[in-house]
Structure formats: C-alpha cells, structure tokens
2 protein chains.
Amino acid sequence: MGTRQEISELPPDADLARADSLAREIFSDIANKWALLIIEFLGQRTMRFSELRDAIGGISHKMLTQNLRTLERNGLVERHVHATVPPRVDYTLTEAGQALRGVVDGMCGWTQHHLGTIEACRSRFDAS
Amino acid sequence: MGTRQEISELPPDADLARADSLAREIFSDIANKWALLIIEFLGQRTMRFSELRDAIGGISHKMLTQNLRTLERNGLVERHVHATVPPRVDYTLTEAGQALRGVVDGMCGWTQHHLGTIEACRSRFDAS
DNA sequence: CGGCATCCTTAACGATACTG
DNA sequence: CAGTATCGTTAAGGATGCCG
C-alpha cells in the first residue's frame with residue numbers, strides 16, 4: 001500500500017484538496033472589485049444599505065445586495081434589520097471582516113501611492 | 001466667480017475627480033481573482049508563461065495572457081522575451097508589483113486563517 | 001512555446017417592476 | 001427603504017486554430 005496511510009494523524013490528500021478548493025472559493029468571493037470596496041467602506045463605520053450604495057458610487061442595487069449576501073454568508077458582514085417603517089437595515093463588519101479590512105486598506109494605500117507611476121507606465125505601454 | 005479659484009495651488013475639482021476615477025480604474029484592474037493570483041505566484045519567483053499557468057491551475061491560456069498584459073501595462077509585471085527556439089518568455093514582478101505582493105500575501109494568509117470559521121458561517125447561513 | 005484572433009457559450013450586470 | 005424576481009443586454013471566459 002501507499003506510504004501515506006502510515007501517519008494517520010495527518011489529513012489525507014482528499015482533505016487537503018478539499019481545503020484547497022475551499023480556499024480558492026473563498027478567495028474568489030472576496031477578490032473582486034465590489035466585495036473589496038464594500039469591505040473598505042463598511043470598515044469606516046456601520047452603514048445602512050442606501051448609505052453604502054451612495055458611498056461606493058457606481059454600484060447597482062442588484063450588485064450591492066448580491067455581494068452583501070455573499071459577504072454575509074462568509075461571515076464578513078452582519079446584517080441588522082430594524083422593525084421600523086420605513087424599514088432600516090444596517091450592515092457592519094464582523095471581526096473577520098475587520099481583519100480583512102486591514103488588508104484592503106493596504107491595497108487602497110498601494111493604489112494611491114502608485115497612481116503617478118502607473119499612469120506613466122500606461123502611457124509608455126500604450127505608445128508601443 | 002466661484003470661491004474655488006482663489007487657492008490656485010491646490011488641484012481643482014476636475015483634477016481630483018480624474019485622479020479618483022483613475023484610482024478606481026486601477027483598483028478594478030488588480031482587484032480580481034486572476035490578477036491577484038498571478039501577483040501571488042510571481043512573487044515567489046520569476047516564472048515563464050507555462051510554469052505560471054500550471055502553478056495557478058484552472059486558468060485558461062487566454063485569461064493568463066490577458067491579465068498579464070493588464071499587469072504589464074500598469075507596471076506590475078515585466079515581460080522578458082528570449083530569442084531562442086522554442087521561444088521562452090519570463091515574467092517577473094516589478095518593484096511596485098512586489099509592494100503589492102505584500103498585500104496579497106496578507107489576503108492569502110487571512111483566507112487560510114479563517115477557513116474554518118468561514119465554513120461554519122456558510123453552513124449556518126445555508127441552513128436558514 | 002507563447003501570442004493573437006475568432007467564434008461561441010455562459011455568466012455578469014443593469015433596468016424595471018412588484019412585495020413587505 | 002430594502003429585497004427579490006424577471007428580462008434583456010453586454011462582457012467575461014473557454015475552445016480552437018493559425019502565426020511568430
């Protein structure tokens with residue numbers, strides 16, 4: 001038989017593969033424009049749906065709900081519904097969301113810091 | 001006249017708006033699954049096209065070239081063509097790319113660290 | 001081997017309208 | 001106000017083939 005079964009305490013290949021595909025799945029969920037912008041803006045403070053929509057700008061109603069659901073499913077965002085009329089829904093980052101926020105801040109900072117360089121690179125690239 | 005012209009040293013609204021839309025554009029270029037995975041794998045070492053393709057896994061020929069061109073245009077990746085036969089093309093992260101790599105590492109680390117929590121959140125969410 | 005172009009399929013997205 | 005559903009459009013993405 002294969003040598004791998006000898007150390008039964010370690011997860012078998014099947015489990016490693018599953019964890020890997022899960023990691024990829026999660027990575028795909030968060031590594032997209034809208035999800036990261038939501039994280040970034042919600043990181044500043046709790047916001048209701050329409051506030052967030054206006055803060056981000058350029059995101060459609062549908063995209064916002066859709067991405068918020070995905071983030072909620074992954075435990076990055078908490079949804080609080082107030083039983084008022086008109087209804088009010090607040091969104092907050094969870095602890096995990098806040099942790100990710102640090103990373104997203106880094107991305108935004110990187111973008112700001114390299115704006116000029118990138119613009120120059122683009123001009124050079126587009127010229128040729 | 002408007003009050004804004006009085007302080008001519010500061011960039012006018014038009015310039016701020018342009019810088020903002022440029023930042024958004026760049027953010028969209030890098031805030032996507034494939035671009036970030038390329039950054040992550042190229043961060044480990046210089047690779048040729050096919051190596052990178054195999055390392056990432058699940059990315060099509062077309063997506064890889066397309067994203068590499070975008071990254072090259074933004075000055076994150078350098079493309080080195082060797083005049084050999086068969087041809088060989090190496091890709092390397094630039095300084096700016098390496099800087100971004102730190103951020104992407106953070107994202108990958110975050111994903112690994114929260115794998116369990118997220119899986120639990122998903123089960124709970126999907127149950128309801 | 002790597003790049004580009006083409007076609008085709010699918011999924012993302014926006015707009016609209018209706019419900020609680 | 002926020003959410004869901006539907007429809008139509010557009011763009012992303014995969015497969016193939018040909019060129020350097």
Side-chain angles (χ1 to χ4, degrees), chain A residues 21 24-38 41-42 45-74 76-93 125-128, chain B residues 21 24-39 41-42 45-74 76-93 125-126 128:
Chain A
S21 81
R24 276 296 173 95
E25 207 180 297
I26 295 170
F27 192 83
S28 300
D29 278 351
I30 59 174
N32 80 69
K33 184 179 159 183
W34 295 133
L36 293 180
L37 283 175
I38 290 173
F41 282 101
L42 273 191
R45 61 180 178 87
T46 295
M47 285 188 188
R48 57 193 300 184
F49 185 87
S50 47
E51 280 180 318
L52 190 52
R53 190 190 203 287
D54 295 343
I56 294 177
I59 188 173
S60 70
H61 187 121
K62 183 182 176 180
M63 280 302 98
L64 185 52
T65 30
Q66 194 170 299
N67 279 277
L68 281 171
R69 282 306 93 81
T70 303
L71 291 174
E72 189 191 357
R73 184 171 113 95
N74 289 327
L76 299 185
V77 161
E78 264 179 8
R79 182 168 174 269
H80 298 285
V81 184
H82 302 276
T84 58
V85 58
R88 175 193 180 94
V89 183
D90 288 333
Y91 288 95
T92 316
L93 284 194
F125 185 90
D126 293 344
S128 53
Chain B
S21 82
R24 275 296 173 98
E25 207 181 299
I26 295 170
F27 192 83
S28 301
D29 278 350
I30 60 176
N32 80 69
K33 185 179 157 182
W34 296 132
L36 292 180
L37 283 174
I38 291 174
I39 300 279
F41 282 101
L42 274 190
R45 61 183 178 84
T46 295
M47 286 189 190
R48 57 192 301 184
F49 185 88
S50 46
E51 279 179 319
L52 190 51
R53 190 191 205 287
D54 295 343
I56 294 178
I59 188 174
S60 70
H61 188 119
K62 184 183 178 181
M63 280 302 99
L64 186 51
T65 27
Q66 195 169 299
N67 279 278
L68 281 171
R69 280 308 93 76
T70 303
L71 291 173
E72 189 190 359
R73 184 172 111 95
N74 289 327
L76 299 185
V77 160
E78 264 178 6
R79 181 167 173 271
H80 299 285
V81 184
H82 302 274
T84 57
V85 56
R88 176 194 180 93
V89 183
D90 288 333
Y91 288 95
T92 316
L93 284 195
F125 185 91
D126 293 345
S128 54

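On a predicted model such as this, the values are computed, not experimentally measured, just so you know. A, B, ... follow the sequence lines: proteins, then strands. Residue 1 opens every chain.
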Nucleotides 11-13 of chain C: which of its N/O atoms have a protein N/O under 3.5 Å away?
unit_1: dC13(C); atom_1: N4; unit_2: K62(A); atom_2: NZ; d: 3.2

Check nucleotides 16-20 of chain D against the protein and report each pair of N or O atoms closer than 3.5 Å, with its distance, or say if there are none.
none

Map every base of DNA chain C to its dot-bracket character, where paired means a Watson-Crick or G-U wobble contact with both distances under 3.5 Å and | marks a partner outside the strand. .|||||||||||||||||||
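For residues 45-70 of chain B, the set of pairs meeting the ring pair (Phe, Tyr, Trp, His ring centres under 6.0 Å) definition, not counting sequence neighbours, comprises F49(B)-H61(B). Among pairs with a residue in residues 58-67 of chain B, none fulfils salt bridge (Lys or Arg N to Asp or Glu O under 4.0 Å), at least two apart in sequence or across chains.
Going from atom OH of Y91(A) over to atom P of dC1(D) covers 15 Å, rounded to whole Å. Distance, L64(B) CG to dG13(D) C1': 14 Å, rounded to whole Å. One can place CZ of R79(B) at 10 Å from P of dG2(C), the figure rounded to the nearest angstrom. Taking atom CG of D54(A) as the reference point, atom P of dC1(D) lies 10 Å away to the nearest angstrom. Separating the CZ atom of R88(A) from the C1' atom of dG20(C) is a distance of 18 Å, rounded to the nearest angstrom. The distance between atom CG of L52(A) and atom P of dC1(D), rounded to the nearest whole Å, is 15 Å. Distance CD (E51(A)) to P (dC1(D)): 12 Å, rounded to an integer number of Å. Protein atom CZ of F49(B) is 8 Å distant from nucleotide atom C1' of dG3(C), rounded to whole Å.
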Side-chain donor-acceptor contacts of residues 53-60 of chain A below 3.5 Å, not counting sequence neighbours, with atom names and distances?
unit_1: S60(A); atom_1: OG; unit_2: M63(A); atom_2: N; d: 3.2

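Within the 4.0 Å cut-off from OP1 or OP2 of dG2(C), at least one side-chain nitrogen or oxygen of R48(B) is found. At dA2(D), one or more side-chain N or O atoms of S50(A) fall inside 4.0 Å of OP1 or OP2 (strictly under the cut-off).
Among the atoms of the strands shown, none is found under 4.0 Å from any heavy atom of R53(B). Using a 4.0 Å heavy-atom criterion, one finds that R69(A) contacts the sugar-phosphate atoms exclusively.
A search for salt bridge (charged side-chain N to carboxylate O under 4.0 Å, His left out) contacts involving E78(B) returns nothing, not counting sequence neighbours. Considering only residues two or more places apart in sequence or on other chains, D90(B) meets the salt bridge (charged side-chain N to carboxylate O under 4.0 Å, His left out) condition with R88(B). Qualifying side-chain hydrogen bond (donor to acceptor under 3.5 Å, both in side chains) partners for N32(B), counting only residues two or more places apart in sequence or in other chains: none. Listed by chain and residue number, nothing satisfies the side-chain hydrogen bond (donor to acceptor under 3.5 Å, both in side chains) test with N67(B) (two or more places apart in sequence, or in another chain). A search for salt bridge (charged side-chain N to carboxylate O under 4.0 Å, His left out) contacts involving R69(A) returns E72(A), not counting sequence neighbours. With sequence neighbours left out, R73(B) forms a salt bridge (charged side-chain N to carboxylate O under 4.0 Å, His left out) with D126(A).
For the pair I30(B) and A35(B), the tightest heavy-atom approach, listed with the atom from each and the gap, is O-CB, 3.9 Å. Counting all heavy atoms, side chain and backbone alike, R48(B) lies closest to P87(B) at NH2-O, 3.8 Å.
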Run V89(B) and H82(B) through side chain to side chain contact (heavy atoms under 4.5 Å, CB included) and show every step you take. CA-CA 6 Å; V89(B) 183; H82(B) 302 274; over 6 Å; no
